[in-house]
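Note that ligands are numbered from 1 as they come in the structure, with each ligand's atoms numbered from 1 the same way.
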Amino acid sequence: MSHAPLTFAQWQEKAETLSINGQAFINGQYCDAASGETFECRSPIDGRTLASIASCQAEDAEQAVSVARQVFQAGDWSRMAPRKRKQVLLRFAQLMEDNLEELAVLETLDMGKPIGDSVGDDIPSSVNSIRWNAEAIDKIYDEVAPTSDSELGLVTREAIGVVAAIVPWNFPLNMACWKLGPALAAGNSVILKPSEKSPLTAIRVAELAKAAGIPDGVFQVLPGFGHTVGKALAEHMDVDCLAFTGSTKVAKQLMVYAGQSNMKRVWLEAGGKSPNIVFADADDLDAAAQMAALAIFYNQGEVCTAGSRLLVEESIYDEFLQKVLQHVDSWQPGNPLDPETTVGAIVDNIQLNTVMGYIEAGKQEGARLVAGGERIREETGGFYIAPTVFADVNNSMRIAQEEIFGPVLSVIPFKDEDDAMRIANETDYGLAASVWTSHLGKAHRCARNLRAGSVWVNTYHGGDMTAPFGGFKQSGNGRDKSLHAFDKYTELKATWISLG
Ligand code: NAD
């Protein structure tokens with residue numbers, strides 16, 4: 001594979017010549033939904049139809065769960081020596097990497113993100129997630145309890161069984177791989193339900209998993225809608241664990257389904273409304289302003305940890321707002337297949353209307369619109385929104401409280417540290433937060449006081465596979481990434497032996 005960066009024309013050619021599969025992957029084979037039903041997969045770049053996707057339903061879930069259980073019981077994967085699972089998963093990661101450009105085009109066509117992000121970030125991060133967890137699995141030891149001489153206490157972790165992973169559309173393959181990596185490495189059977197808005201890469205990697213040597217039925221993919229196949233998996237009596245990333249609204253529903261069925265483990269990575277807090281004593285306000293723009297506009301603002309609330313100390317408020325506005329132009333949407341593009345298309349018409357609705361709400365609530373605010377590039381047939389900034393936002397406004405999931409920034413002034421902490425924590429969410437200050441004590445105090453799963457100091461969107469990721473409050477429970485992720489996909493067992 002050539003590693004020279006492709007041009008716009010070359011990416012377009014790849015997009016035109018791609019063959020796209022929209023089938024489900026059950027028991028090691030691509031197949032249609034049992035009902036034969038399909039739905040259209042359209043590209044948000046220009047509205048064109050990409051493929052017909054199998055619309056899986058309860059009967060497909062039934063079949064996939066039954067196969068997943070059988071292979072789990074048979075033990076070909078679940079009882080395989082960890083070092084062997086590692087080798088298979090490393091091959092899987094390698095095959096994904098070998099097909100990097102194809103996966104990147106699929107991701108960009110499917111959900112509209114810039115090709116530069118797909119090829120430089122999303123797909124490499126997905127590969128890394130499989131590889132990191134594969135490499136970890138034969139290095140994790142269990143425990144021996146500190147017993148008396150006449151007893152032996154073993155504290156072991158074992159695979160939980162059948163895992164249903166239900167994922168969103170903003171980082172389709174990457175969010176899937178945050179779950180696939182540890183769940184497969186730990187020996188589980190995994191059924192992946194991608195978002196109906198972005199099923200293509202999930203479908204494609206299924207055959208790569210098989211080619212790598214993952215036994216049939218260990219990794220299956222069920223495309224379809226949340227209220228049909230998603231619900232069927234979540235309510236299923238023989239699914240042991242639901243690993244979800246998506247909205248808080250659906251996350252709550254999944255807890256209900258679990259409670260009404262078999263009390264399956266429910267791990268939820270949900271929404272956010274993260275505060276990015278800039279103190280007057282920050283070392284480099286230019287860097288902070290540049291990062292504030294990236295924090296909200298990267299990936300069209302469709303990021304769970306987007307810095308959607310920018311809290312700025314009153315004494316630098318006007319000056320800092322101007323600095324941020326200088327960066328808005330570098331986040332204007334363009335054709336996602338152009339490697340120069342920094343912001344692509346909004347995932348679909350529904351999401352476009354949601355975001356435009358929030359922009360209208362911001363205006364009506366009296367926030368000051370200082371950039372963007374309109375749909376653009378409509379002539380392309382795709383869905384694009386200009387980077388939008390509201391100044392003088394009050395934290396009680398809807399645009400400060402509700403997750404917009406689009407390129408809309410709310411700038412909020414604060415008086416002092418206490419005021420900043422109060423405003424930052426006045427939210428139902430608790431996914432991430434950032435603090436910009438040169439004062440070491442203040443940085444640590446804020447990091448302690450912020451009710452969020454990730455806190456960044458003098459940066460934004462930092463972290464790699466070594467750092468756990470997840471939410472406080474209504475941003476969810478459990479953690480993706482790092483060795484902590486294995487907790488989600490294993491049960492802890494105590495074996496107590498009398499030595500006589
Ligand atoms: P969503 O909740 O609408 O959908 C997520 C998934 O759930 C999809 O696959 C969908 O089909 C499925 N689903 C919907 N209804 C269901 C039901 N009744 N039963 C079972 N499954 C159902 O979210 P979305 O719009 O796809 O993604 C955006 C959301 O994801 C945002 O809130 C964002 O913050 C969140 N997100 C969170 C993280 C994180 O790690 N915390 C990361 C990325 C995205």
Side-chain angles (χ1 to χ4, degrees), residues 39 53 55-58 61 110-111 113 122 125 129 164-179 191-199 202 221-236 239 242-258 260-261 264 266-274 296 298-308 346-348 350-355 402-406 427-432 452-454 461 463 467-482 485 488:
F39 63 94
I53 309 294
S55 184
C56 292
Q57 321 267 332
D110 206 4
M111 62 69 68
K113 69 171 61 205
D122 283 63
S125 299
S129 181
I166 300 181
V167 297
W169 47 263
N170 61 334
F171 295 94
L173 190 58
N174 202 14
M175 292 304 97
C177 287
W178 281 7
K179 303 189 190 311
I191 301 168
L192 173 63
K193 199 218 74 74
S195 169
E196 58 277 18
K197 301 179 195 228
S198 61
V221 179
L222 297 183
F225 291 89
H227 62 274
T228 55
V229 69
K231 183 169 185 276
L233 288 168
E235 289 181 327
H236 203 287
V239 168
L242 257 187
F244 172 78
T245 298
S247 64
T248 293
K249 183 172 166 226
V250 173
K252 290 181 180 181
Q253 193 58 51
L254 297 186
M255 294 177 105
V256 174
Y257 295 151
Q260 288 174 340
S261 54
K264 54 182 69 66
V266 184
W267 303 112
L268 306 166
E269 300 285 351
K273 194 74 194 177
S274 301
I296 181 64
Y298 169 68
N299 208 50
Q300 305 73 244
E302 296 162 337
V303 182
C304 51
T305 50
S308 50
I346 300 294
V347 70
D348 65 5
I350 300 170
Q351 185 63 12
L352 178 112
N353 289 334
T354 302
V355 177
E402 296 176 25
E403 186 182 44
I404 299 173
F405 225 55
T427 167
D428 290 339
Y429 296 108
L431 195 54
S454 296
H461 286 325
F469 180 88
F472 283 24
K473 303 195 297 188
Q474 293 186 39
S475 288
N477 65 347
R479 294 292 179 267
D480 279 333
K481 306 203 298 175
S482 84
K488 302 208 288 199

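- Contact annotation for Glu302 and ligand 1: no heavy atom of the residue comes within less than 4.0 Å of the ligand.
- Every atom of ligand 1 with a heavy atom of Val250 under 4.0 Å away is listed here by number and element: 2 (O), 13 (N), 14 (C), 15 (N), 16 (C), 22 (C).
- Heavy-atom contacts of Met175 reach the following atoms of ligand 1: 42 (C), 43 (C) (cutoff under 4.0 Å).
- Considering backbone and side-chain atoms alike, Ala270 places an N or O below 3.5 Å from some N or O of ligand 1.
- With respect to the salt-bridge test (charged N to carboxylate O, under 4.0 angstrom), the residues Lys488 and Asp480 qualify.
- In plain terms, the two heavy atoms of Glu269 and Gly471 that are nearest each other are OE1-N, 4.2 Å.
- Between Thr245 and ligand 1, no pair of N/O atoms sits closer than 3.5 Å.
- Of the possible polar contacts, one joining the Asn477 side chain to the Val266 backbone as a donor-acceptor pair under 3.5 Å is found.
- For Ser475, no nitrogen or oxygen atom sits less than 3.5 Å from a nitrogen or oxygen atom of ligand 1, counting backbone and side chain alike.
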Audit row: Lys473, Asp428, salt bridge (Lys or Arg N to Asp or Glu O under 4.0 Å) steps and yes/no: CA-CA 7 Å; Lys473 303 195 297 188; Asp428 290 339; over 6 Å; no
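- The two residues Ala61 and Leu222 have their closest heavy-atom pair at CA-CD1, 3.7 Å.
- Contact annotation: for Leu254 versus ligand 1, heavy atoms closer than 4.0 Å belong to the side chain alone.
- For the pair Gly226 and ligand 1, the shortest N or O to N or O distance falls below 3.5 Å.
- Here the closest non-hydrogen pair linking Pro168 and Gly246 is CB-CA, 4.3 Å.
- The distance criterion of under 3.5 Å between nitrogen or oxygen atoms is met by Trp169 with respect to ligand 1.
- Protein heavy atom at the shortest distance from atom 27 (O) of ligand 1 is Pro168 CB, 3.2 Å.
- Near Phe469, the atoms of ligand 1 lying under 4.0 angstrom from a non-hydrogen atom of the residue are 39 (C), 40 (O).
- Checking side-chain atoms of Thr248 against main-chain N and O of Gly271 turns up a donor-acceptor pair under 3.5 Å.
- In this structure, atom 36 (N) of ligand 1 has a protein heavy-atom contact shorter than 4.0 Å.
- In this structure, Phe244 has a heavy atom closer than 4.0 Å to ligand 1.
- In this structure, Leu233 and Ala164 approach most closely via the heavy-atom pair CB-CB, 4.1 Å.
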Does Phe171 form a ring pair (Phe, Tyr, Trp, His ring centres under 6.0 Å) with Trp178? I'd like the steps, not just the answer. CA-CA 10 Å; Phe171 295 94; Trp178 281 7; 8.0 Å; no
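- At a 3.5 angstrom cut-off on N or O pairs, Lys193 counts as close to ligand 1.
- Ranking the protein heavy atoms by distance from atom 18 (N) of ligand 1 puts Tyr257 OH, 3.2 Å first.
- When non-hydrogen atoms are compared, ligand 1 lies under 4.0 Å from neither the backbone nor the side chain of Ala234.
- Polar contact with ligand 1: present for Val167 (N/O pair, distance under 3.5 Å).
- Closest to atom 12 (C) of ligand 1, if we only count protein heavy atoms, is Ile166 CG2, 3.6 Å.
- Atoms NZ and CD, on Lys113 and Glu302 in that order, are 8.5 Å from each other to the nearest 0.5 Å.
- Partners of Asn170 according to the side chain to side chain donor-acceptor pair (under 3.5 Å) rule, which considers only residues two or more places apart in sequence or in another chain, do not exist here.
- Close contacts of ligand 1 with Asn170, meaning ligand atoms under 4.0 Å from a residue heavy atom, involve 43 (C), 44 (C).
- Distances between N or O atoms of Thr248 and those of ligand 1 include no value under 3.5 Å.
- Looking only at protein heavy atoms, the nearest one to atom 11 (O) of ligand 1 is Glu196 OE1, 2.6 Å.
- The shell of residues lying under 4.0 angstrom from ligand 1, judged by heavy atoms, excludes Thr305.
- Closest to atom 20 (C) of ligand 1 among all protein heavy atoms lies Gly230 C, 3.2 Å.
- Regarding atom 2 (O) of ligand 1, its nearest protein heavy-atom neighbour is Ser247 OG, 2.6 Å.
- When heavy-atom distances to ligand 1 are checked against a 4.0 Å cut-off, Lys249 has no atom that comes that close, whether in backbone or side chain.
- When atom types are taken as modelled, the side chain of Lys264 and the backbone of His236 share a donor-acceptor pair closer than 3.5 angstrom.
- Below 3.5 Å of separation, one finds no N or O of His227 facing any N or O of ligand 1.
- Of the protein's non-hydrogen atoms, the one nearest atom 32 (O) of ligand 1 is Glu403 OE1, 2.5 Å.
- Protein heavy atom closest to atom 28 (C) of ligand 1, with residue, atom name and distance, is Phe405 CE2, 3.5 Å.
- Nearest approach of Ala306 to Gly301, heavy atoms of both residues: CB-O, 4.1 Å.
- Under the 3.5 Å distance criterion, the side-chain polar atoms of Ser55 are left unmatched by any main-chain donor or acceptor of Gly224.
- Aromatic ring centroids of Tyr429 and Phe472 lie 6.0 Å or more apart.
- The main-chain N or O of Ala432 is found under 3.5 Å from a side-chain atom of Ser274 such that the two form a donor-acceptor pair.
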